[in-house]
Amino acid sequence: MRNSQAFKSAVAQTLAELARQGVTLGPAAVEDAIEERMQAIAAQLGTQVASTWRYFDAAAFADSLAKSVRDFEQGAEDAAGIGQASMPPLDNPELALVLAGVPDSMAHTGGDLFQVIVNVAVNAWMAGHIHGEDGCEGCEASRGPAGHDWARRMRQIEDMQPGIGKWFDRDAWTTALNKSGFQVTRG
């Protein structure tokens, strides 16, 4: 289905309609949604997918996708902060340590990108969780009698790893990744 001209045209038209509405979705997400929709229509009509393209309306489909995106964003805004650790500041040393570990992790796993992404996700989640507990203004009472000092923790990381902030420089990170024997390229 994805190789057909009808499919490619549907994707292009839907992306154009979404852009007109100011909604950004990746082409892969739009492709998946269109494929799912067209297969559902074909199953419902008991026909082949190739026969269902006459029922596809890119503008209406884009409206549906845009509404879903807006509903999701609104739901996320309504639930902001509920049950979620706050995102640590993007320039914090702990996050830099996570980024610094990627080139070594690529070398260690033999280039298993999935393994590296899981490692980064877990460590970034932990950094966010720690920041949420320790770096949150007004959360002091929830830390227990011993308390935590998030700022001290960040200073300790900086003391142990001078220049840790370099990992926020895309060029420094890419150079380290290339030195590990791996590189990330678009296919």
Please report the shortest heavy-atom distance between Pro103 and Ser180, naming the atom on each side.
O-CB, 3.4 Å
For Lys67, is there an ion pair with Asp71 - N to carboxylate O distance below 4.0 angstrom?
yes
Mind listing the closest non-hydrogen atom pair of Ala62 and Thr14 along with its distance?
CB-O, 3.9 Å
Just verifying a value: how many Å separate Met1 CE and Ile34 CD1, rounded to the nearest 0.5 Å?
9.5 Å
Is the shortest heavy-atom distance from the side chain of Val23 to the side chain of Leu65 under 4.5 Å?
no
State, with a plain yes or no, whether a side-chain heavy atom of Glu17 is found less than 4.5 Å away from one of Asp63.
no
Quick one, Gln21 with Arg70, criterion side-chain contact (heavy atoms from CB on, under 4.5 Å). Give me CA distance, side-chain angles, the key distance, then yes/no.
CA-CA 11 Å; Gln21 295 183 33; Arg70 286 187 197 103; 3.6 Å; yes
If I take atom NZ from residue Lys179 and atom CG from residue Asp104, how far apart are they, to the nearest 0.5 angstrom?
12.0 Å
Evaluate Val11 against Arg2 for side-chain contact (heavy atoms from CB on, under 4.5 Å), listing each step before the verdict.
CA-CA 10 Å; Val11 170; Arg2 289 184 181 230; over 6 Å; no
Minimum heavy-atom separation for Asp171 and Asp169, please, with both atom names.
N-OD1, 2.9 Å
Given the rule in the side-chain contact (heavy atoms from CB on, under 4.5 Å) test, do Leu18 and Thr24 qualify, once you have shown the distances and angles that lead to the verdict?
CA-CA 7 Å; Leu18 287 168; Thr24 303; over 6 Å; no
Any chance you could measure Ser51, atom OG, to Met38, atom CE, to the nearest 0.5 Å?
10.0 Å
Go through it in stages, so that I can follow the logic: the residues are Tyr55 and Leu45, the test is side-chain contact (heavy atoms from CB on, under 4.5 Å), and I'd like the CA-CA distance, side-chain angles, deciding distance and then a yes or no.
CA-CA 11 Å; Tyr55 303 108; Leu45 296 175; 3.5 Å; yes
I'd like to know if the side chain of Gln5 pairs up with that of Ser9 as donor and acceptor (distance under 3.5 Å, no hydrogens or angles considered).
no
Checking Thr47 side chain against Ala43 main chain: does a donor-acceptor pair fall under 3.5 Å?
no
Over 60° means perpendicular and under 30° means parallel, so classify the ring planes of Phe61 and Phe56, tilted if in between.
tilted
Any ion pair linking Asp32 and Arg37 (charged N to carboxylate O, less than 4.0 Å)?
no
Counting C-beta onward and ignoring hydrogens, is there a side-chain heavy-atom pair between Phe114 and Val118 closer than 4.5 Å?
yes
Atom CG of Leu25 and atom CG of Leu15: how far apart are they, to the nearest 0.5 Å?
8.0 Å
